[in-house]
Number of protein chains: 2
Amino acid sequence: MDSLIKIFKALGDKSRLRILKMLQIRQLCVCEMTTVLGLATSTVSNHLSILKEAGLIFDIKDGKWVDYSINTQSSSLFITGLLPLLSFWLNDDEQIQMDAEKLKTAYRNELCR
Amino acid sequence: MDSLIKIFKALGDKSRLRILKMLQIRQLCVCEMTTVLGLATSTVSNHLSILKEAGLIFDIKDGKWVDYSINTQSSSLFITGLLPLLSFWLNDDEQIQMDAEKLKTAYRNELCR
DNA sequence: TAAACATTTCGATGAATATAGAAATGTTAT
DNA sequence: ATAACATTTCTATATTCATCGAAATGTTTA
């Protein structure tokens with residue numbers, strides 16, 4: 001039950017839902033997400049560690065960047081049950097649409113320097 | 001998005017998950033749930049108001065008792081997506097099984113007086 | 001090697017939350 | 001009516017959590 005609670009806690013936060021919805025568009029580094037969210041880098045990094053600890057996302061190091069991705073290949077029934085639902089949900093949300101729009105022009109080589 | 005966050009927050013608590021899994025067995029009054037959970041009445045009542053506010057359950061007054069039930073007829077896509085998943089999940093969880101066992105002998109006319 | 005950069009970790013702070021007990025509300029039964 | 005009972009609301013407390021800035025870590029580039 002603890003793993004499910006951890007997942008629901010991770011999902012019960014606006015910033016983290018916005019992160020997940022952005023990652024369902026494409027993989028992102030921390031600075032790209034920070035730009036869209038308008039939060040401190042350390043805050044975003046903390047949110048990412050909570051999502052990762054819950055098993056919802058994973059990260060791969062790419063030089064000085066860290067790429068985060070949705071964990072669609074999870075072996076957890078909780079995760080594989082929830083992620084598809086989330087991909088249908090919130091697509092008409094104003095904030096989520098604004099984030100998606102911003103993402104179109106947010107690339108690490110321009111943003112993070 | 002706020003309604004979804006409210007739902008995930010409601011689901012991200014052990015006591016409230018136990019309550020939902022009990023209510024998926026049968027409708028219950030507060031004192032029956034209090035007995036199984038081992039929490040103060042006011043605490044359980046508070047949990048129930050959070051679940052109700054999220055739209056996951058509803059209540060019907062029955063004399064001096066209040067019967068709580070799972071809101072399977074919800075018009076929220078979030079609720080109708082999540083409740084079926086939850087009915088498959090946690091059935092092998094030790095705590096959930098113990099709660100179900102206790103429920104078999106927990107009836108308001110014997111417990112609450 | 002040294003400077004620049006992306007990210008994480010640490011420390012502090014204010015807000016949200018789970019909990020319990022007491023008081024309040026409303027119903028039933030004597 | 002009054003006592004007993006189920007539940008909710010109120011008040012207080014201890015813990016958890018979101019957030020930020022600063023320091024630490026590790027990589028790239030000049």
Side-chain angles (χ1 to χ4, degrees), chain A residues 1-2 5-20 22-23 27-54 57-69 95 106-113, chain B residues 1-2 5-20 22-23 27-54 57-69 95 106-113:
Chain A
M1 176 153 45
D2 289 347
I5 292 169
K6 200 178 280 187
I7 291 167
F8 282 138
K9 274 188 197 296
L11 292 170
D13 178 87
K14 183 164 189 167
S15 301
R16 291 194 289 269
L17 282 183
R18 290 172 68 191
I19 289 173
L20 285 175
M22 287 195 285
L23 290 178
Q27 68 175 33
L28 295 165
C29 71
V30 180
C31 80
E32 289 169 323
M33 294 185 260
T34 300
T35 303
V36 175
L37 293 171
L39 294 173
T41 314
S42 60
T43 302
V44 175
S45 180
N46 185 49
H47 283 311
L48 289 167
S49 78
I50 289 170
L51 289 168
K52 183 180 165 185
E53 186 67 27
I57 62 176
F58 66 93
D59 62 328
I60 294 178
K61 293 204 71 170
D62 174 24
K64 64 181 171 182
W65 285 292
V66 179
D67 275 319
Y68 282 90
S69 306
Q95 177 75 73
Y107 290 102
R108 68 190 67 178
N109 290 315
E110 298 156 23
L111 288 170
C112 321
R113 72 184 137 206
Chain B
M1 174 151 49
D2 290 347
I5 292 170
K6 201 179 278 188
I7 291 167
F8 281 139
K9 275 188 196 296
L11 292 170
D13 177 88
K14 185 165 189 166
S15 300
R16 291 195 289 268
L17 282 183
R18 290 172 67 192
I19 288 172
L20 284 175
M22 287 195 285
L23 290 178
Q27 68 174 35
L28 295 166
C29 71
V30 180
C31 80
E32 288 169 323
M33 293 185 261
T34 300
T35 304
V36 176
L37 293 171
L39 294 173
T41 312
S42 60
T43 303
V44 175
S45 180
N46 185 50
H47 283 309
L48 290 167
S49 78
I50 290 170
L51 289 169
K52 184 180 165 185
E53 185 67 27
I57 63 175
F58 66 93
D59 62 327
I60 294 177
K61 293 205 70 171
D62 174 24
K64 67 180 170 181
W65 285 292
V66 179
D67 276 318
Y68 282 90
S69 305
Q95 177 76 72
Y107 290 101
R108 69 191 65 179
N109 291 316
E110 299 155 23
L111 288 170
C112 321
R113 74 183 136 206

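So that the names make sense, note that chain A is the first sequence line, chain B the second, and so on, each numbered from 1.
Atom CD1 of A:Ile19 is separated from atom P of C:dT7 by 12 Å (rounded to the nearest Å). Atom P of nucleotide C:dA18 and atom CZ of B:Arg18 are separated by 15 Å, given to the nearest angstrom. Separating the CD atom of A:Glu53 from the C1' atom of C:dT8 is a distance of 15 Å, rounded to the nearest angstrom. Atom CG of B:Leu11 is separated from atom P of C:dA18 by 12 Å (rounded to the nearest Å).
Residues passing the side-chain contact (heavy atoms from CB on, under 4.5 Å) test with B:Asp59 are B:Lys52, B:Val66, B:Tyr68, sequence neighbours excluded. For the side-chain contact (heavy atoms from CB on, under 4.5 Å) test, residues two or more places apart in sequence or in another chain that qualify with B:Gln95 are A:Met1, B:Lys14, B:Arg18, B:Asp93, B:Asp99. For B:Asp13, there are no salt bridge (Lys or Arg N to Asp or Glu O under 4.0 Å) partners two or more places apart in sequence or in a different chain. Every residue was checked against the salt bridge (Lys or Arg N to Asp or Glu O under 4.0 Å) condition with A:Lys9, not counting sequence neighbours, and none meets it.
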Only distances under 3.5 Å count here; give the side-chain donor-acceptor pairs of residues 39-49 of chain B to other protein atoms, sequence neighbours excluded, each with its distance to 0.1 Å.
unit_1, atom_1, unit_2, atom_2, d
B:His47, ND1, B:Arg16, NH1, 3.1
B:Ser49, OG, B:Asn46, O, 2.8

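Not one side-chain nitrogen or oxygen of A:Tyr68 sits closer than 4.0 Å to the OP1 or OP2 atom of C:dA6.
Here the side chains of B:Met22 and B:Leu37 are in contact, with some heavy-atom distance below 4.5 Å.
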Can you build the contact string for nucleotides 16-30 of chain D? Use B for base contact, S for sugar-phosphate-only contact, and - for no protein heavy atom under 4.0 Å. -SSBBBB----SS--
